[in-house]
Number of protein chains: 2
Amino acid sequence: MYDANSLKAELNDRGWRLTPQRETILNVFIDLEKGKHLSAEDLDTLLQEQGKPISLSTIYRTVKLMARMGILRELELAEGHKHYELNQPYPHHHHHLICVKCNETIEFKSDAVLKIGSKTAKKLGFHLLDCQLSIHAICPQC
Amino acid sequence: MYDANSLKAELNDRGWRLTPQRETILNVFIDLEKGKHLSAEDLDTLLQEQGKPISLSTIYRTVKLMARMGILRELELAEGHKHYELNQPYPHHHHHLICVKCNETIEFKSDAVLKIGSKTAKKLGFHLLDCQLSIHAICPQC
DNA sequence: CTTTCTGCAAATAGTTTGCAGCCGA
DNA sequence: TCGGCTGCAAACTATTTGCAGAAAG
């Protein structure tokens with residue numbers, strides 16, 4: 001799991017910098033309740049409420065950067081905008097089942113899927129960032 | 001696999017209509033080379049080249065409709081726009097490994113993942129539309 | 001004949017970008 | 001010090017929508 005120090009190390013390794021904004025955003029995700037995920041707008045609102053406003057452009061730039069580093073995972077849980085959550089390693093790694101009508105989202109775990117994902121990436125010589133099984137379905141209510 | 005008749009039946013069942021545009025678009029996907037997938041723009045260009053132009057709004061409306069019916073699957077292979085391909089049943093069902101830097105995309109199959117997907121949906125009482133494992137990674141070249 | 005569908009043009013919204021000044025290493 | 005980073009405002013672009021006429025059932 002990341003903290004300010006490991007984030008700084010990882011950023012500096014790649015020629016990037018640790019800024020208060022980046023640290024703040026990482027902390028929001030670390031403190032985020034399990035099973036929750038935020039859109040850029042959500043983050044903006046949350047940071048404003050916490051009295052630590054960060055410009056929306058920086059928010060977009062930061063979540064994209066962290067997703068490319070493998071720190072966050074980018075989720076397509078609803079049409080039209082992306083959500084982000086910490087990219088947690090085994091055994092916290094999980095997947096999503098989404099109702100395409102009402103957007104109800106259910107998390108579920110599968111070691112098997114994670115294994116298949118890492119094996120496939122390894123076999124082809126790719127460096128794995130994220131592996132997510134998305135099940136699109138219609139829930140019993142819809 | 002769908003053809004004009006089964007498409008018509010399925011549409012009519014839900015109070016929708018079979019139009020020449022819908023049939024044309026379905027046929028493009030049926031004839032599409034294995035492993036290919038189209039964005040809305042791609043479809044627009046292709047249909048124009050084939051001398052069967054369809055307005056971009058109708059293209060968007062149609063692919064979305066067919067994705068919600070489970071006929072097409074919506075793929076997020078590159079930033080900024082979606083791609084579509086036929087949603088084929090076992091044993092043609094497959095998944096994607098994507099390099100987040102150069103967007104190189106590799107298809108792979110996994111019966112195990114498909115099984116996990118259908119079991120999970122079934123267990124929760126959801127009607128399965130699509131189940132896709134997306135592996136985000138960095139390819140050896142990048 | 002009724003209701004859905006299409007095409008057009010205009011609107012929308014999420015996201016990106018140029019730039020000037022700021023600040024981490 | 002210096003090159004990356006932020007905030008602002010403006011730009012962009014994929015996608016959606018309102019509407020009038022066309023057409024499927």
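These values consider heavy atoms only, across backbone and side chains, with no hydrogens, waters or symmetry-generated copies. Numbered from 1 within each chain, the chains take letters A, B, ... in sequence-line order.
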### Task
To the nearest Å, give me how far apart CG (B:Leu11) and C1' (C:dT3) are.
15 Å
#### Entry: Contact nearer the 5' end of DNA chain C, comparing A:Tyr60 with B:Leu65
B:Leu65
### Task
Indicate if B:Val63 and B:Leu32 have the same hydrophobic cluster label, given that clusters are the connected sets of ILVMFWY residues with side-chain heavy-atom separations under 4.5 angstrom.
yes
### Message
For a quick test of reading the model, state the closest non-hydrogen atom pair linking B:Ile116 to A:Ala112 and the distance between them.
### Response
CD1-CB, 3.8 Å
### Task
Would you mind reading off the distance between B:Arg22 atom CZ and C:dG7 atom P, rounded to a whole angstrom?
11 Å
Distance-only criterion, 3.5 Å: show the donor-acceptor pairs between side-chain atoms of residues 135-142 of chain B and protein atoms not counting sequence neighbours.
none

### Task
Using whole Å, report how far CG of A:Leu56 lies from C1' of D:dA10.
14 Å
### Task
Quickly work out the A:Ile59 CD1 to D:dC8 P distance and round it to whole Å.
11 Å
### Query
Looking only at side-chain N and O atoms, does B:Gln21 come under 4.0 Å of OP1 or OP2 in D:dA23?
no
### Query
Over how many whole Å does the gap from B:Gln48 atom CD to C:dG7 atom P extend?
11 Å
Are any protein N/O atoms closer than 3.5 Å to N/O atoms in nucleotides 17-19 of chain C? If there are, list each pair with its distance.
from, atom 1, to, atom 2, distance (Å)
C:dT17, O4, A:Ser57, OG, 3.4

### Query
Would you say A:Asp44's side chain and A:Glu41's backbone share a donor-acceptor pair under 3.5 angstrom?
no
### Query
Between D:dA22 atom P and B:Ile54 atom CD1, what is the distance in whole Å?
19 Å
### Message
Rounded to whole Å, how long is the line connecting atom CG of A:Asp44 with atom P of C:dG14?
### Response
12 Å
#### Entry: Strand-adjacent residues in residues 72-80 of chain A, judged by heavy atoms under 4.0 Å from DNA chain D
none
#### Entry: Axis bend over the full length of the helix from C:dC1-D:dG25 to C:dA25-D:dT1, computed from five pairs that close each end, to 10 degrees
60°
### Summary
From NZ of A:Lys82 across to P of D:dA14 the rounded distance in Å is 12 Å
### Message
Taking side-chain hydrogen bond (donor to acceptor under 3.5 Å, both in side chains) as the cut-off, I'd like each qualifying pair that reaches into residues 3-16 of chain B, sequence neighbours left out, listed once.
### Response
B:Tyr2-B:Glu10, B:Asp3-B:Ser6, B:Glu10-B:Arg14
#### Entry: Sidechain N-carboxylate O distance under 4.0 Å for B:Lys52, B:Glu23
no
### Task
Would you mind telling me which of B:Gln132, B:Glu85, B:Lys34 makes a side chain to side chain donor-acceptor pair (under 3.5 Å) with B:His94?
B:Glu85
### Message
If I compare all heavy atoms of B:Leu18 with all of B:Ala4, which pair ends up nearest, and what's the gap?
### Response
CD2-O, 3.8 Å
### Query
Of the non-hydrogen atoms in A:Arg17 and A:Leu11, which two are nearest, and what is the gap between them?
O-CD1, 3.4 Å
### Query
Parallel, tilted or perpendicular for B:His93 and B:His95, by the 30°/60° rule?
perpendicular
So which protein N/O to nucleotides 21-25 of chain C N/O distances come out below 3.5 Å?
from, atom 1, to, atom 2, distance (Å)
C:dG24, O3', A:Leu18, O, 3.2
C:dG24, N2, A:Arg17, NH1, 3.4
C:dG24, N2, A:Arg17, NH2, 2.9
C:dG24, N3, A:Arg17, NH1, 3.4
C:dA25, OP1, A:Lys8, NZ, 3.1
C:dA25, OP1, A:Leu18, N, 3.3

### Query
Of all the choices, D:dT6, C:dC8, D:dT15, which nucleotide is nearest to the side chain of A:Thr58 once you look at every atom?
D:dT6
### A:Lys109 NZ: over 12 foreign heavy atoms closer than 6.0 Å
yes
### Query
Looking only at side chains, do A:Asn27 and A:Thr24 share a donor and an acceptor under 3.5 Å apart?
no
